[in-house]
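A quick write-up on the structure given underneath.
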Amino acid sequence: MKTIGKVTVLPKLPDAIARLSELAYNVYWSWTPRAQELYQALDPQIWERFQHNPVRTLLEVPRARLDAVAADPDYLGRYTKVMADFDAYMGKKDTWAAQNAAALGRVAYFSMEYAFHESLPIYSGGLGVLAGDHCKSASDLGLPFVAVGLLFHQGYFRQSINKDGWQEEAYDTLDLTTLPITPARDAFGVEVRFSMPIQGRQVFIRVWELKVGRIPVYLLDTNVPENDDHDRQLTARLYGGNQEWRIQQELILGVGGVRALRLLGVDANVFHMNEGHASFLGLERIRELVAGGLDFRTALEAVASGTLFTTHTPVPAGNDAFALDLMDRYLGEWPAQLATSREELYELARHDQTWGQSFSMTVLALRLSRAANGVSELHGDVSRKMWNFLFDGASEREVPIGHVTNGAHTLTFLSQNLRDLYDTALASDWTERLEDPAVWEAVNSISDADLARVQAEQKMDMIRFVRERLRVQAERNGASAADIAATEDVLSPDALIIGFARRFATYKRATLLFRDKARLARLVNDPERPVQFVFAGKAHPADNPGKAFIQEIYRVSQEPEFKGKIVILENYDMHVARHLVQGVDVWLNNPRRPLEASGTSGMKASFNGSPNFSVLDGWWREGYDGTNGWPIGDEREYADLNSQDDADSYSMYETLEKDIVPLYHRRDAQGFNHDWLAISRRAMVTVSPQYSMQRQVIDYVQKYYLPLTKRAATVNANTRTLAREIGSWKTWVRQQWPHVQLTANAQMPASIEPGQTVRVTAHVQPAGIQTGEILVEAVLERGDERSRVPLHFTGDGNYAADLPLNESGLYAIGVRAFPVYPGLSSEFETGLAKWA
Ligand SMILES: *Cc1c(COP(=O)(O)O)cnc(C)c1O
């Protein structure tokens, strides 16, 4: 039929279970398996067929079945319990935020992708999972928080692997009326719809609301009848299309997202840009203030004062940089609207590439925020190095980019079996104190028998899941009857099963394990101590090298000596992820260091008792403590990628053969593997609190959201006095700074004893900048140590200080000057500095 409209008519539920529809529209169920079971129980086949989507399940289940469960005391008992928990969660008053962050302003979080659940496929990988998990913990902690994203009606893509092992992509069009979303409404109950100009035409946008526990996520959608076909497709696919597509999606996210919040009447104090995709939100907020009469530079200061930027990857593909002539097509009207020039606007995003000046979304984000962070300690270092060029005079470690190491949302990834065990073994409020190490200490009191039992159940669930998936795949690919039957015997609960699943970006080196196939064959075919591997992951549709990795693994998995022992699953998504992290014995990650900014899947495995076996990159460099898993390689830096791959794969085989495999296959007199369980417990005790999303969000609150709330209030107080001052001061200082002259002198005796001082003097020709606005300091370096000593003004442009040299050794002394102003986020903010 040619449809002219669609409407969802939810069944009128029997009174006894009436609230199933309310619950279906809150993805609280996505981290509450007991809630999911209520829908699954209605009809397990429908539940499976529609990606475990409660709304869809309610729409499909016949009335008679609803009546039947409404009369089933067992079902009603479970229903009542879930609803009571849900109400307690939603109504909780003494949340962490109420107790610990009362001064926190509202945070508006912007991200291009979000992973909440497999039935809402608007994510590609770790970045989306992180964003979804961040929202879930923001809800758990009771933060004043809203999130903004796009609703991709064709999602990312569904992956299948054909009989040649090649990835094929399918785009299913989602039926939005069957998703757990509702049209977003303003304070008057009116659906929020608006239009925004892109390249001079009006693009119409509708806004959906997704409830994530206590917080709303607003998803923008251009697939509305007012738009022509082209514009209806703008929000069709995540990371699909060309650069122009990308720019338009980023405009919709950043500019459209801010407009949507305004129409919804949502005021925010802190704006958090999750990756550079969201940077245009800063331009839109500046535009608003300029429209209200402010000048560009004051508006910029006002906006940046409350903005945080999180960078997620050093990999170039993750840092959008567009050619200027391309930007002209999309930002042509913007300089006038911002009351600035094209040059000044483009300077804000300037990143010179080998092919010329580019408009970098990451640079723009750094310029339009007053706080920035990477996602692990090492990634903080890597980011400071990478963006050092934006901060004149700053050494690598002084670049004002900090770090908050990522976490994962514990309850989203924890198996129900383990959750049940924790209910008996941990403090009764453990689900609310996930970040507290003391809570997790109690894992040590779980007996070998209980832990081994739960792990065996989890593993068997995973094996059944893998077999079923492989059977479906084999049937679709027209495999022989024998091959289809063989999927029944894939993997063995007696083997050590190692999991590897993630996006197949090439730096993640999915095929590193296959560098020495003969050695690998010995491992998997050892009759006494077998090892098996499960792989899964999607390559970006345009990434042929990534697809070649998939093919290589697929081909190996079909070779006689590996068949049934190394397998690759199709369509890695949150559902597959949960099964794998819950069921495998060890989680493997072997990225090319230091390109894995954090990684999170290993955390999820450790929550479930599977130790991590990984390159010391991202989070694992911090998480590994010698007792809770295994490292691959060391922290050396390699100039040559091939030697790095060699060294890492060699280390991987060695550790497998000498440590992991023998340890796994040990059994004590009772038939348990006490030593293995000890490592498993260590993984749970050490990783669960520290790498919980709850710890991560608390870190963001304390390190960034609270200080930025305060900073934004100060800078914007009294009709933005400080913003004005800083804005005009920077303009003046930028003009004058090239004329500032700095000379310095150190009176060095030929030799000094420890404890003596060296007198350093400097002279500044300030070019009209006030004395109090220039910071002159000496920088003292001895080996890796570095200290900074301010020089005192002694009149007439002169400065001096006595530098204490307390230790023996070789010192290097430098003198530099910064322009400073009260209220700057740091002396590096202006990006101006001068060395003598
Ligand atoms: C956790 C997760 C990721 C991230 O995996 P990494 O190993 O950290 O890259 C990607 N996709 C899904 C579905 C996940 O659940």
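Note that ligands are numbered from 1 as they come in the structure, with each ligand's atoms numbered from 1 the same way.
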So for N589 against ligand 1, with non-hydrogen atoms under 4.0 Å, the contacting part is neither
Options W619, Y572, W587, ranked by nearest heavy atom to atom 12 (C) of ligand 1, top entry = Y572
Looking only at protein heavy atoms, identify the closest one to atom 4 (C) of ligand 1 and say how far it is in Å.
-> G126 CA, 3.5 Å
Partner of V687 under side-chain contact (heavy atoms from CB on, under 4.5 Å), picked from Y624, W440, F607, is F607
Should we count NZ of K703 as having more than 12 external heavy atoms under 6.0 Å?
-> yes
Side-chain (R56) to main-chain (P180) donor-acceptor, under 3.5 angstrom = no
Just checking, K136 and F116: is the charged tip under 6.0 Å from the six-membered ring centre and within 45° of the axis?
-> no
F500 six-ring face occupied by R502 cation (under 6.0 Å, within 45°) | yes
Assert yes or no for the condition that the ring centre distance of Y239 to H277 is strictly below 6.0 Å.
-> yes
Closest protein heavy atom to atom 7 (O) of ligand 1, given as residue, atom name and distance to 0.1 Å = S601 OG, 2.4 Å
Give the atoms of ligand 1, by number and element, whose distance to some non-hydrogen atom of G599 is under 4.0 Å.
-> 8 (O)
Would you tell me which option among R502, E596, H575, K604 has the nearest heavy-atom contact to atom 2 (C) of ligand 1?
-> K604
Interfacing atoms of ligand 1 (cut-off 4.0 Å, heavy-atom, D573) = 13 (C)
Which bit of K508 is near ligand 1, meaning a heavy atom under 4.0 Å away: side chain, backbone, both or neither?
-> side chain
Can you list the ligand 1 atoms lying under 4.0 Å from a non-hydrogen atom of V129?
-> 2 (C), 12 (C), 14 (C), 15 (O)
Shortest protein heavy-atom distance from atom 8 (O) of ligand 1, along with the residue and atom involved = T600 N, 2.6 Å
Among R158, R237, K547, the one residue meeting salt bridge (charged side-chain N to carboxylate O under 4.0 Å, His left out) with E169 | K547
